[in-house]
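Notes follow the structure.
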2 protein chains.
Amino acid sequence: MSQPFALSQVDVASTPLERFEEFLQSRGKRITSQKRLLVEHVFSRHEHFDADELLDELRQRSETRQRISRPTIYRVLSELLDAGLLRTMELRGRSIYEHDYGYPQHDHLHCQRCDRLVEFHSEELNRICQQVADEHRFRHRSHRLIVHGICPDCAEQPRRKRPVDLV
Amino acid sequence: MSQPFALSQVDVASTPLERFEEFLQSRGKRITSQKRLLVEHVFSRHEHFDADELLDELRQRSETRQRISRPTIYRVLSELLDAGLLRTMELRGRSIYEHDYGYPQHDHLHCQRCDRLVEFHSEELNRICQQVADEHRFRHRSHRLIVHGICPDCAEQPRRKRPVDLV
DNA sequence: ATTTATGCAAATCCTTTGCAAATCT
DNA sequence: AGATTTGCAAAGGATTTGCATAAAT
């Protein structure tokens with residue numbers, strides 16, 4: 001859970017799974033069916049999710065009768081963070097994960113009513129972060145901005161309670 | 001834990017405690033010695049803190065042999081959030097609280113090595129948040145930006161582990 | 001007198017860990 | 001074979017809740 005992983009310039013891994021396998025190899029870690037299953041599932045859609053949702057979804061995929069346990073979910077997620085394939089943020093006391101490989105840096109709008117997450121990108125914001133860090137002589141590594149508010153849908157139909165999914 | 005609290009235009013409460021008392025009254029809640037103690041302690045310094053630190057500190061203030069229990073800490077903190085006197089953010093899986101009354105809106109630089117928090121203010125950032133919300137037709141309520149990096153001190157003495165306090 | 005708040009103990013929720021058995025390389 | 005990984009059960013840490021008692025209005 002620490003050192004950044006630098007891809008060697010020679011081999012350019014293309015799929016998340018390939019990249020993950022390289023990462024594992026470089027660390028002397030092993031590739032298992034659970035890890036493959038999890039990575040393939042996670043990168044088959046571009047959605048935000050938490051550990052519980054992942055666990056449920058993987059258990060429903062009966063095709064693979066390969067069950068994956070909760071501890072393993074957490075262990076693999078942690079490796080994926082180390083590998084730079086996923087990013088995480090805390091929302092309502094739980095960790096929310098999202099792709100960090102092959103997707104541009106972005107931040108989020110969060111609907112306080114239905115929990116919806118909408119992504120946005122702002123170069124101007126990146127500039128500000130860098131500038132603020134410089135001013136305080138911080139070495140800038142990353143940032144997280146969440147704009148909290150009410151989404152258009154919820155603004156219309158007032159007061160329903162978190163009806164849907166994390167998009 | 002919800003409705004924004006609007007101060008009536010007539011009486012302008014000045015101290016946090018006064019404002020809290022007004023809030024409590026408006027909700028038919030009661031003012032107790034524990035609440036007073038907690039509010040006075042919290043607003044006697046302008047620092048970030050978590051529930052545990054607060055509990056320890058209040059227990060050391062032996063002047064008041066009024067002990068305050070952990071559940072009560074959490075209950076009062078929650079009221080203070082509702083009252084708009086405190087704001088909170090999640091850091092390393094725990095809630096960090098800070099003043100939200102009498103202090104200008106600001107965001108934070110966070111040192112990933114020693115956990116130090118440094119505040120900064122940026123009008124430009126506020127503008128961007130408003131603009132992004134508008135673009136997505138969100139009703140903007142608030143935002144949270146944390147710039148993660150390494151503070152100047154930690155950059156010098158590499159690799160020591162979270163030596164200090166949350167400033 | 002009534003109603004809300006407190007403190008205790010226990011429960012919850014999310015996440016992590018110890019350990020023996022199973023799986024990679 | 002030898003090392004890592006898994007799954008299970010149980011532990012952990014932060015926060016919340018049920019309930020009887022204490023305190024506020």
Side-chain angles (χ1 to χ4, degrees), chain A residues 1-2 17 20-39 41 48-59 64-83 86 88-97 115 162 166, chain B residues 1-2 17 20-39 41 48-59 64-83 86 88-97 115 162 166:
Chain A
M1 230 191 183
S2 41
L17 182 56
F20 189 42
E21 290 180 342
E22 268 185 37
F23 168 80
L24 291 172
Q25 268 190 347
S26 76
R27 298 271 182 114
K29 297 180 160 198
R30 288 173 185 176
I31 298 160
T32 63
S33 57
Q34 288 88 335
K35 291 181 187 178
R36 269 195 221 94
L37 174 61
L38 197 157
V39 173
H41 181 78
H48 297 90
F49 60 92
D50 63 27
D52 250 30
E53 289 171 350
L54 196 49
L55 185 62
D56 288 348
E57 291 166 7
L58 287 176
R59 289 201 161 147
T64 333
R65 79 215 56 53
Q66 172 71 42
R67 290 283 145 120
I68 190 168
S69 68
R70 195 185 297 279
T72 296
I73 296 270
Y74 281 106
R75 285 185 280 232
V76 179
L77 284 175
S78 160
E79 287 180 339
L80 285 167
L81 294 177
D82 288 353
L86 292 181
T88 187
M89 71 185 134
E90 299 263 321
L91 223 52
R92 300 183 188 288
R94 53 203 305 133
S95 291
I96 305 294
Y97 299 83
D115 242 6
R162 31 193 107 291
L166 300 172
Chain B
M1 235 194 179
S2 42
L17 182 56
F20 189 43
E21 289 180 341
E22 268 184 37
F23 168 81
L24 292 172
Q25 269 190 347
S26 76
R27 298 273 182 112
K29 298 181 160 197
R30 287 170 186 178
I31 299 160
T32 63
S33 57
Q34 288 88 334
K35 291 180 186 177
R36 268 194 221 93
L37 173 62
L38 197 157
V39 172
H41 181 79
H48 297 91
F49 60 93
D50 63 27
D52 249 30
E53 289 170 352
L54 196 49
L55 185 62
D56 288 348
E57 290 165 7
L58 288 175
R59 288 201 160 147
T64 333
R65 78 212 59 52
Q66 172 70 43
R67 290 283 146 121
I68 189 168
S69 70
R70 193 185 298 276
T72 297
I73 296 270
Y74 281 105
R75 285 185 280 233
V76 178
L77 283 175
S78 160
E79 286 180 340
L80 286 167
L81 293 178
D82 287 353
L86 292 182
T88 188
M89 70 185 134
E90 298 263 320
L91 225 48
R92 300 182 187 290
R94 52 205 303 135
S95 292
I96 305 293
Y97 299 82
D115 242 7
R162 31 192 109 290
L166 301 172

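Remember, it's a predicted structure, so these values are computed and weren't measured experimentally. Naming convention: chains lettered A, B, ... in sequence-line order (proteins, then strands); numbering from 1 in each chain.
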Establish, with yes or no, whether the OP1 or OP2 oxygen of [N] is under 4.0 angstrom from a side-chain nitrogen or oxygen of [X].
{"X": "A/Q34", "N": "C/dT23", "answer": "no"}
{"X": "A/T72", "N": "D/dG7", "answer": "yes"}
{"X": "B/Y74", "N": "D/dT16", "answer": "no"}
{"X": "B/S95", "N": "D/dA14", "answer": "no"}

Open item on the list: Judged by each residue's nearest nucleotide on DNA chain D, which is more toward the 5′ side, B/K29 or A/I31?
Closed with: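 Closest to the 5' end, via its nearest nucleotide, is A/I31.
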- [ ] Spell out yes or no: do the side chain of B/R94 and the base of D/dT15 have one donor N/O and one acceptor N/O closer than 3.5 Å?
- [x]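 Result: no qualifying N/O pair found.
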Open item on the list: When you measure only distances, ignoring hydrogens and angles, does the side chain of B/R92 come within 3.5 Å of the base of D/dG13 through a donor and an acceptor?
Closed with: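 Absent.
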Without decimals, in angstroms, what is the distance between [X] [atom1] and [N] [atom2]?
{"X": "B/I73", "N": "D/dT17", "atom1": "CD1", "atom2": "P", "value": "17 Å"}
{"X": "B/L81", "N": "D/dT15", "atom1": "CG", "atom2": "P", "value": "11 Å"}
{"X": "B/R67", "N": "C/dC8", "atom1": "CZ", "atom2": "P", "value": "10 Å"}
{"X": "A/R36", "N": "C/dT25", "atom1": "CZ", "atom2": "P", "value": "7 Å"}
{"X": "A/R27", "N": "D/dT5", "atom1": "CZ", "atom2": "P", "value": "12 Å"}
{"X": "B/E90", "N": "D/dG13", "atom1": "CD", "atom2": "C1'", "value": "13 Å"}
{"X": "A/K35", "N": "C/dA22", "atom1": "NZ", "atom2": "P", "value": "19 Å"}
{"X": "B/E79", "N": "D/dT16", "atom1": "CD", "atom2": "P", "value": "13 Å"}

Open item on the list: If you compare all heavy atoms of B/R30 against all heavy atoms of B/K35, which two are closest, and at what distance to 0.1 Å?
Closed with: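 For B/R30 versus B/K35, the nearest heavy atoms are O-NZ, 2.7 Å.
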Open item on the list: For the CZ atom of A/F20 and the CG atom of A/L86, what is their distance to the nearest 0.5 Å?
Closed with: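 Output value for this atom pair is 9.0 Å.
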Nearest to side-chain heavy atoms of [X], which nucleotide of [options]:
{"X": "A/R30", "options": "D/dC8, D/dG2, C/dG7", "value": "D/dG2"}
{"X": "B/A51", "options": "D/dT15, D/dG7, C/dG7", "value": "D/dT15"}
{"X": "B/R75", "options": "C/dG7, D/dG7, C/dT25", "value": "C/dG7"}

- [ ] Could you check if a side-chain atom of A/E21 sits within less than 4.5 angstrom of a side-chain atom of A/R36, using non-hydrogen atoms only?
- [x]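 Yes, their side chains come closer than 4.5 Å.
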Task: Min side-chain heavy-atom separation B/S95-B/M89 under 4.5 Å - done: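 With C-beta onward as the side chain, the pair stays apart.
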Open item on the list: Using modelled atom types and a 3.5 Å cut-off, is there a donor and acceptor pairing between side-chain atoms of A/E53 and backbone atoms of A/D50?
Closed with: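 Yes.
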Task: Residue whose closest nucleotide on DNA chain C lies nearer the 5' end, A/D52 versus A/P71 - done: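 Its nearest nucleotide being more 5', the pick is A/D52.
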